[in-house]
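Before any comments, here is the structure.
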Amino acid sequence: MDTAAFEKYARLIVKTGINIQPDQILVISSPIECAFFARMAAQAAYREGARDVVMNWNDELFSKLRYLHAPEAVFETFPQWQKDFYLFYMQQGAAFLTIDASDPEILKEVNPDLVAKAQRVRNSALQTFRESLMCNKNAWSVVSIPTASWASKVFPEISETAAVGKLWEAILKAVRVDTDDPVAAWEMHKAVLKERLDFLNSCKFQFLHFKNSLGTDLHVELPEGHVWLGGSEHTLSGVEFIANMPTEEVFTLPKKTGVNGTVTSSRPLSYNGNLVEKMSFEFENGKIIKFDAGKHTEIIKKLIETDAGASFLGEVALVPQKSPISESGIVFLNTLFDENASCHLALGKAYPVCVQGNEEMNKEALDFIGVNDSLVHVDFMIGSEDMEIIGTAANGKQTPVFLKGNFVL
Ligand code: ZN
Ligand code: ZN
């Protein structure tokens, strides 16, 4: 165990990721397996002047037990006190840090109907909180560290201890903690992403056409006034933060009703404790009209039936093959990493911050310009070494954006 590197990582998360402010509260949601690291992050936060740190522990093995043994009715309600917990700290202006680490197949023996139901009830109860975070009302960040059950799925051929070591190494590299000065490395990285954002924002594309040999042939319309984002974001009160560490993507939103064609996933997706190896979707006027996910088709069916918006897209993100996570060659089986190794799309809710003037818009106004709304937001990976993306502006001018999986720029 390289305690010094872990502490360096915890400091980076608190300063550059969350950017904790003096006297602010930090809420840390963490698996119990990651407690030592959550404490390191807490210590770093206090050192940076946080007023308090609140721990919100979760336990995937207990969650599985509960799914296997508790009566179904238990999953039909969500406790008011948990809802109050998030809203209370949100109103206090807290920052929210999530340590996202789980066995990618933890719930494969559980009835998927039950998981889908619980997920829906939870998302619905926490809707105000989740929507406020997606509008950057408060600073938030999702990061990760290895757990034994996860690492053994990524590196099944070696011992558990070796797998955890190897996953740590890959994660520290992905978040640039392996450099002498990670804060400076992130400044440089943000500048690279900014160049891509400036290019895409200046092109004001109306359409993107994705094509590769996996079968993807997809036309994605972008709404007027869309904005490409990436690297860091700002809270409504102007505090800079990084929502995902690592992050390699630049992203915006598709026009809800403007997606047509077919798309095939290129990396497995761990969704609700199941590993969905491969998926394909066919879209017409934004809506999924046909899909297949092999033996997990039922699980994906449940997902897109969550509500009316779940069968439409809410995000389009570009990640070149020439990026550190992709070049590591590791399939992480965790979306935080895999989505940052690959171009991706998300089913469900769009980030309103991807539209100019969103602060002044109500739900109807957002809907009018094509901002999808849903209880879910599930990213899936579509990038490949032969991905080609052509942008078309409103005047018909075509510009190559991606050739052979990388930005043309
Ligand atoms: Zn994304
Ligand atoms: Zn996303």
Side-chain angles (χ1 to χ4, degrees), residues 17 96 98 100 119 123 126 130-136 140-144 174-175 189-190 192-194 196-197 200-201 208 210 216 218 220 222 226-233 241-256 259 263 265-272 276 279 281 288 300 303-304 306 309-321 323-326 332-355 358 371-384 387 389 401-402 405 407:
F96 292 86
T98 301
D100 174 35
Q119 191 68 33
N123 287 356
L126 298 182
R130 286 163 48 92
E131 282 184 0
S132 302
L133 274 201
M134 282 179 90
C135 292
N136 296 344
W140 57 282
S141 197
V142 183
V143 303
S144 202
V175 292
H189 177 47
K190 283 194 296 189
V192 171
L193 293 175
K194 172 90 170 38
R196 294 173 189 162
L197 295 176
L200 290 162
N201 283 323
L208 292 177
F210 292 79
T216 292
L218 190 74
V220 177
L222 306 177
H226 70 269
V227 186
W228 289 88
L229 298 174
S232 63
E233 296 181 43
F241 69 97
I242 297 175
N244 285 184
M245 287 183 121
T247 185
E248 299 289 334
E249 65 177 296
V250 293
F251 67 99
T252 190
L253 78 177
K255 183 174 178 177
K256 179 179 176 180
V259 179
V263 67
S265 70
S266 58
R267 283 181 171 238
L269 169 71
S270 172
Y271 172 68
N272 274 359
V276 184
M279 299 183 281
F281 299 98
I288 294 170
I300 297 304
L303 164 63
I304 68 178
T306 306
S311 52
F312 291 82
L313 294 181
E315 180 185 335
V316 50
L318 308 184
V319 181
Q321 294 293 115
S323 70
I325 304 175
S326 173
F332 283 83
L333 309 177
N334 176 306
T335 299
L336 177 62
F337 296 89
D338 291 325
E339 74 168 346
N340 281 306
S342 170
C343 288
H344 57 272
L345 303 169
L347 293 171
K349 189 171 172 63
Y351 286 94
V353 286
C354 292
V355 172
N358 69 87
V371 181
N372 191 28
D373 190 20
S374 171
L375 287 175
V376 296
H377 175 100
V378 178
D379 298 273
F380 62 98
M381 286 58 78
I382 64 164
S384 67
M387 178 62 86
I389 307 171
V401 180
F402 260 54
F407 274 102

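As the structure is a prediction and not an experimental result, all values here were calculated from the model. Each ligand, and each atom within it, is numbered from 1 in the order the structure gives.
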Which value, rounded to the nearest 0.5 Å, describes the distance between Leu269 atom CG and Ile300 atom CD1?
6.5 Å

Count up the protein N, O or S atoms sitting under 2.8 Å from the Zn ion (ligand 2), would you?
4

Whether Ser342 side chain and His344 backbone form a donor-acceptor pair below 3.5 Å:
no

Please confirm whether the backbone N or O of Ala341 pairs with a side-chain atom of Ser323, one donor and one acceptor, at under 3.5 Å?
no

When rounded to the nearest 0.5 angstrom, what distance separates CZ in Arg267 from CZ in Phe337?
12.0 Å

Can you tell me the N, O or S atom of Glu249 that's nearest the Zn ion (ligand 1)?
OE1

Which heavy-atom pair separates Ala350 from Val371 by the least distance, and what is that distance?
CB-CG1, 3.8 Å

Heavy-atom distance under 4.5 Å between the side chains of Val353 and Glu233, does that happen here?
yes

